[in-house]
Amino acid sequence: MTTQAPPKAVDGAIGFLDERFGTAGFLRGKMKKVFPDHWSFMLGEIALYSFIILLATGTFLTLWFKPSMSEVVYNGHYTKLYGVHMSEAYNSTLRISFDVRGGLLMRQIHHWAAVLFVASLTVHMLRVFFTGAYRKPREVNWLIGLGLFTLALLEGLFGYSLPDDLLSGTGLRITQGVMQSIPLVGTYLFYFAFGGDFPGHDFIPRLYTVHVLLIPGILLALVGAHFMILWHQGHTQFPGKNRAEKNVIGKPFYPVFMIKAGAFFMFTFAVIALLGTFAQINPIWLFGPYTPDAITAGSQPDYYMGFLEGALRIMPNWETNLWGHTVSWNVLVPALVPLGLIMTGAALWPFIEQWATGDKRIHHIADRPRNAPFRTAVGMTAVTFYGLLWLAGGNDVIADKFHVSLYATTWFFRVAVFVGPAIAYFVTKRICLGLQNKDADILHHGVESGVIMRLPSGEFIEVHEPARDEDKAVLTGKVPLPELAIEDEDENGIPSPSARGPLGKLRKNLNQAFTADDVPVNGHDEGHDDTGPHAEEDLQPGGVEPGGTGGSRAISHH
């Protein structure tokens with residue numbers, strides 16, 4: 001295989017660094033690193049590009065924003081608020097919007113980039129979950145991704161709370177209530193954060209420091225760690241012809257991936273810039289400055305906080321008085337339980353799956369979601385739970401637009417958040433099993449050719465032809481889970497210690513959930529030995545990329 005020499009500009013830069021740091025061998029090798037080519041891999045790239053745009057536009061906004069709660073009188077160009085008393089934070093945000101050249105565009109680009117950042121992170125992590133890309137050796141990177149997602153939610157909340165408008169002030173009021181609802185330490189946390197009574201003069205400056213320094217610094221560190229681990233371990237790839245656990249088929253980092261990445265960044269920036277230009281978002285001048293005695297109907301947070309808003313709206317008004325202290329379950333449960341269930345469950349899932357299935361193999365081939373019915377069903381259960389809470393966050397808007405009772409809407413969501421996820425689990429699992437049966441049928445009986453044949457008996461049938469080699473490789477790419485030996489009893493009929501306790505019973509039930517009702521796909525008669533995920537490295541010529549956690553992986557350039 002011939003390798004194109006890098007251009008003089010790149011080769012000269014590598015030579016410059018090599019003369020000083022001895023890095024030529026490393027850099028030249030990494031320029032040839034291969035990345036698989038699949039549309040879903042772009043989701044993580046969109047998150048990265050949105051984060052870069054956030055940093056650039058955020059730097060611009062910090063030059064004019066004043067994080068102060070000192071009261072001033074507005075005398076800017078927006079005449080409807082002329083002469084109104086407001087905080088310096090709100091006043092400076094209005095000046096950015098109406099007096100600084102390009103300020104409103106930068107504000108809107110920054111806000112849209114934040115929305116796209118969280119959205120792409122969400123969909124990217126769903127792709128990783130449904131394809132099993134979190135499995136060994138990528139558990140640590142999965143936890144880093146969850147940390148990035150959690151910090152992105154906080155960063156978004158803090159960002160749209162800084163202008164001190166009526167909408168963001170209402171959100172901060174809810175944040176204060178959540179802090180105070182925490183038993184024993186809630187009041188201390190509230191006074192520590194706000195520096196006194198709400199809203200106070202200290203919280204916005206403190207929030208500003210956290211928003212522009214602390215969380216972005218942690219995000220940068222986590223993004224760097226995420227990509228260093230990804231670069232070392234290699235990317236997962238989907239089943240296909242000649243694709244195996246020990247090779248990577250795709251495009252080299254230079255020049256193909258670099259050119260595509262640059263183009264995708266420009267496309268992402270163009271979309272966000274167009275949204276910032278033509279789609280209005282967070283018009284704070286319409287909300288007015290925050291005052292504790294004012295409130296608006298139909299107020300909604302950014303979509304990624306909507307599920308917490310929905311949980312707060314549908315939670316019954318439960319309180320408990322214990323030893324002179326009130327526990328406000330109506331605030332504490334919505335604030336901690338939904339996010340805690342989703343994030344804690346997601347963090348523990350790779351280790352629960354490995355423990356329940358006994359699968360400790362290294363995985364570089366991603367699963368098709370249909371081939372893991374239990375995992376896919378659980379994932380859709382969480383998505384449905386999140387989606388219903390998100391819809392519940394707009395129960396007043398739904399009641400108004402559809403002319404139904406607000407109380408009926410609230411009670412519907414109180415029931416739906418329990419019934420909906422159960423229905424989603426059952427339906428998703430049945431769909432996955434149906435798709436697996438279809439795959440097995442294609443392997444054994446072929447695909448419809450469109451040719452109609454008449455038999456001597458007079459019956460008309462459609463002729464089937466074998467599936468293409470590429471399709472066969474995908475269909476036979478399903479790797480069965482290893483058998484987990486769980487002994488219920490020994491030879492004397494005495495229950496074994498491992499299965500006697502609650503953990504042993506739980507492991508057995510989880511193992512059955514992962515493996516039960518699975519449709520076996522036996523493709524050995526269709527040439528699976530040559531095209532499946534365990535194909536030998538010599539199927540395609542290529543160099544050997546050393547250093548991956550799963551051992552050396554051959555590189556194939558297509």
Geometric class of the Phe98/Trp285 ring pair [parallel <30°, tilted 30-60°, perpendicular >60°]: perpendicular

Side-chain donor/acceptor of Tyr74 to backbone N/O of His77, under 3.5 Å: yes

Parallel, tilted or perpendicular: ring planes of Phe514 versus Phe374, cut at 30 and 60 degrees: perpendicular

Side-chain heavy-atom pair Leu207, Ser161 within 4.5 angstrom cut-off: yes

Contact check, side chains of Phe198 and Leu172, non-hydrogen atoms, under 4.5 Å: yes

Aromatic plane relationship, Phe203 with Phe194 - under 30° parallel, 30 to 60° tilted, over 60° perpendicular: parallel

Under 3.5 Å donor-acceptor, Asp165 side chain and Leu167 backbone: yes

Whether Trp142 and Tyr134 hold their rings parallel, tilted or perpendicular, with breakpoints at 30° and 60°: tilted

Side-chain heavy-atom pair Met305, Gln300 within 4.5 angstrom cut-off: no

Exam field: side chain Thr428 to backbone Tyr425, donor-acceptor pair closer than 3.5 Å: no

Donor-acceptor contact present, side-chain Arg370 to main-chain Gly434, <3.5 Å: no

Side-chain (Thr62) to main-chain (Thr59) donor-acceptor, under 3.5 angstrom: yes

Steps toward side chain to side chain contact (heavy atoms under 4.5 Å, CB included) verdict (Ile109, Phe60): CA-CA 11 Å; Ile109 289 177; Phe60 177 91; over 6 Å; no

Between Asn395 and Thr410: side-chain donor-acceptor atoms closer than 3.5 Å: yes

Close side-chain approach of Thr236 and Arg138, heavy atoms under 4.5 Å: yes

Side chain to side chain contact (heavy atoms under 4.5 Å, CB included) between Arg173 and Tyr290, worked out: CA-CA 10 Å; Arg173 188 68 166 177; Tyr290 175 71; 4.0 Å; yes

Main-chain N/O of Asn282 paired to Arg107 side chain as donor or acceptor, under 3.5 Å: yes

Test item: Arg206 side-chain N/O and Ala193 main-chain N/O as donor-acceptor pair under 3.5 Å: yes

Any donor-acceptor pair under 3.5 Å from Arg507 side chain to Trp355 backbone: yes

Donor-acceptor side-chain pairing of Asn321 and Thr326 below 3.5 angstrom: yes

Minimum heavy-atom distance between Leu388 and Gly420, given as atom pair plus value: CD1-CA, 4.1 Å

Trp64 side chain vs Ser92 backbone, donor-acceptor pair below 3.5 Å: no

Full working for ring pair (Phe, Tyr, Trp, His ring centres under 6.0 Å) between Trp231 and Phe35: CA-CA 10 Å; Trp231 192 280; Phe35 286 84; 5.7 Å; yes

Residue pair Leu143 / Phe351, side-chain heavy-atom distance below 4.5 Å: yes

Beyond-backbone contact of Ser50 with Ile272, side-chain heavy atoms, under 4.5 angstrom: yes

Side chain to side chain donor-acceptor pair (under 3.5 Å) evaluation trace for Glu353 with Trp349: CA-CA 6 Å; Glu353 180 174 324; Trp349 184 266; 3.0 Å; yes

Criterion ring pair (Phe, Tyr, Trp, His ring centres under 6.0 Å) on Phe238 and His38, from CA distance to verdict: CA-CA 8 Å; Phe238 286 96; His38 192 270; 4.4 Å; yes

Sub-4.5 Å side-chain heavy-atom contact between Gln108 and Leu275: no

Side chain to side chain contact (heavy atoms under 4.5 Å, CB included) evaluation trace for Leu81 with Tyr90: CA-CA 11 Å; Leu81 289 176; Tyr90 186 63; 3.6 Å; yes

Shortest non-hydrogen separation from Gly340 to Thr344 and the atoms involved: O-OG1, 2.7 Å

Any side-chain heavy-atom pair of Leu389 and Phe385 under 4.5 Å: yes

Parallel, tilted or perpendicular, as decided by the 30° and 60° cut-offs, for the rings of His211 and His110: perpendicular

Sidechain-backbone polar pair: Asn509 side chain, Lys505 backbone, donor-acceptor under 3.5 Å: yes

